[in-house]
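Data first, discussion second: the structure below is written as structure tokens.
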There are 2 protein chains.
Amino acid sequence: MKHTRAPDVVVRRLALYLRVLGEVAADGVDRFISSRELGDRAGVSPAQVRKDLAFFGEFGKQGVGYEVRVLQQELQGILNVDREIRVGLAGVGELGTALARYLYRRFHHDGAYAFHLVASFDVDPDKVGRPVEGDIMVYHMDELHDVVRRLGLEIFILAVPAGAAQAVADACVAAGVRAILNFAPVKLRVPPGVRLHISDVSLELQQLAYYL
Amino acid sequence: MKHTRAPDVVVRRLALYLRVLGEVAADGVDRFISSRELGDRAGVSPAQVRKDLAFFGEFGKQGVGYEVRVLQQELQGILNVDREIRVGLAGVGELGTALARYLYRRFHHDGAYAFHLVASFDVDPDKVGRPVEGDIMVYHMDELHDVVRRLGLEIFILAVPAGAAQAVADACVAAGVRAILNFAPVKLRVPPGVRLHISDVSLELQQLAYYL
DNA sequence: TAGATTGTTAATCGATTAACAATC
DNA sequence: TAGATTGTTAATCGATTAACAATC
């Protein structure tokens with residue numbers, strides 16, 4: 001399907017393009033979009049758009065552009081988001097709860113597609129056994145391995161305290177999780193083959209401070 | 001002070017180095033760290049570490065490495081985080097509240113240095129006028145311009161609904177804010193000179209899905 | 001001194017931009 | 001057809017890695 005693995009920057013922009021296409025498609029009317037317009041809306045050059053897409057195939061018509069719906073579906077296929085992806089959440093603190101509610105509201109009505117948060121985990125006995133939101137049950141962290149296997153969780157979101165993050169990540173990896181989004185302010189180590197993204201407010205603020 | 005503006009990737013890694021140095025310094029004992037150890041801990045090559053630092057000056061001793069405390073202070077100076085930086089938060093929903101509490105707990109006891117969340121903003125009359133956490137008051141969004149000026153807010157965190165984000169960003173920019181961290185799932189437009197970072201869970205999940 | 005590690009230059013690698021023939 | 005825009009190649013730009021003299 002993919003010949004070579006695409007560079008990370010390309011994958012990031014693909015997700016951006018997909019968002020733009022969603023906005024354009026929401027305007028109604030099937031229509032075409034040029035690499036110029038797509039680029040303008042996504043904040044990249046037209047050449048960059050064409051180059052990125054060319055990495056995966058030919059999706060446009062010369063002189064016309066790209067059919068919005070078609071390109072949308074192609075990109076969804078490439079990014080693997082044309083199916084249900086089951087997501088787990090570790091850490092049902094304030095941030096974890098906020099994330100759970102956000103994800104639930106954003107994706108749960110999208111039917112069989114995209115991201116479904118289906119389980120969350122914590123060590124607090126007061127939280128375990130009751131739903132964090134909707135039908136998203138909170139399991140004890142000890143059950144992580146079993147639940148990952150039983151429910152087929154593929155991506156994990158980590159919203160646990162910094163001190164616990166590495167242990168939880170290790171447990172996820174041991175259970176077969178291959179992608180982790182880490183909100184804890186620590187550098188985690190994962191084996192090759194496991195994809196780790198970070199979302200770290202303090203790190204972002206420090207970077208921003210440089211430009212003041 | 002800075003000759004040329006450093007590339008974004010370098011700035012990102014600088015923040016990473018700073019975190020590592022903090023961890024090492026917390027171990028106690030003043031000591032030296034080599035580009036190899038710093039690199040290992042930060043997940044980059046030793047050559048990269050030296051190249052990044054060389055961008056700003058000479059901070060090491062041949063045959064020995066870098067004095068942890070010294071390098072820490074140098075990097076804090078370079079990143080501008082050796083002073084109080086006043087942060088505003090727009091949007092006191094679930095995510096906003098979680099972020100406010102996190103920032104308050106993480107930084108408020110750090111005295112005069114680093115990031116201080118000093119004001120938050122919302123349009124909900126039930127939220128306006130009462131603190132979101134500690135002494136962080138919630139102001140009405142209409143007061144944003146005045147409060148930014150009065151309290152000297154430099155960085156803004158946006159945790160408002162997608163539909164409101166661009167208007168709030170515009171208001172921040174008009175008030176003189178020069179750095180924004182956006183949590184809303186929309187592409188924002190800001191004028192040159194204003195630095196915009198995004199933290200977007202859906203976008204991250206879509207990228208992660210590619211690697212499944 | 002001997003060993004280690006920096007700062008820096010040169011070589012490599014990869015990503016972005018420019019340009020244009022192909023073609024809808 | 002004439003105009004527009006793609007897909008792709010070549011040129012440019014920038015970032016990473018390798019290597020090593022300088023030196024603590």
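Proteins get letters first, then strands, A, B, ... in listed order; numbering begins at 1 in each. What you are looking at is a predicted structure, and each value in this text was computed from that prediction instead of being measured.
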- Taking salt bridge (charged side-chain N to carboxylate O under 4.0 Å, His left out) as the test, write out the residues that go with A/R86, two or more places apart. A/E84

- Which heavy atom of A/A175 sits nearest a heavy atom of A/L144, and at what distance? CB-CD2, 4.3 Å

- Item | Backbone of A/T97 reached by a side-chain donor or acceptor of A/E133 within 3.5 Å | no

- Item | A/R101 atom CZ: more than 12 heavy-atom contacts under 6.0 Å | yes

- Item | Aromatic ring proximity B/F59/B/Y66, centre distance under 6.0 Å | no

- Message: Give the residues of residues 43-53 of chain B touching DNA chain C, defined as any heavy atom closer than 4.0 Å, sorted by residue number.
- Response: B/R50, B/K51

- Task: Could you name each residue pair satisfying salt bridge (charged side-chain N to carboxylate O under 4.0 Å, His left out) that touches residues 42-60 of chain A, not counting sequence neighbours?
- Result: A/R13-A/D52

- Message: Using a 4.0 Å cut-off to any heavy atom of chain B, which nucleotides of DNA chain C are the first and last in contact, reading 5' to 3'?
- Response: C/dA4 to C/dT9

- Quick note, salt bridge (charged side-chain N to carboxylate O under 4.0 Å, His left out) partners involving residues 145-163 of chain A, not counting sequence neighbours, are A/R83-A/E154

- Item | B/A162: partners by side chain to side chain contact (heavy atoms under 4.5 Å, CB included), with sequence neighbours left out | B/P185, B/V186

- Task: Using a cut-off of strictly less than 4.0 Å between a heavy atom of the residue and any atom of DNA chain C, enumerate the qualifying residues of residues 7-15 of chain A by number.
- Result: A/P7, A/R13

- Task: Give the dot-bracket string for DNA chain C, reading 5' to 3', where a pair is Watson-Crick or G-U wobble with both distances under 3.5 Å, ( ) marks pairs inside the strand, [ ] marks pairs crossing earlier ones, | marks a partner on another strand, and . marks unpaired.
- Result: ..||||||||||||||||||||||

- Task: Under the ring pair (Phe, Tyr, Trp, His ring centres under 6.0 Å) rule, collect the residues that match up with B/F183, sequence neighbours excluded.
- Result: none

- Item | All pairs passing salt bridge (charged side-chain N to carboxylate O under 4.0 Å, His left out) where residues 195-212 of chain B contributes a residue, at least two apart | A/R19-B/D200, B/D8-B/R195

- Item | Of all pairs that satisfy salt bridge (charged side-chain N to carboxylate O under 4.0 Å, His left out), the ones with a partner from residues 161-178 of chain B, not counting sequence neighbours | none

- Message: Considering only residues two or more places apart or on different chains, which pairs with a residue in residues 147-172 of chain A satisfy ring-ring contact (aromatic ring centres under 6.0 Å, His included)?
- Response: A/F121-A/F156

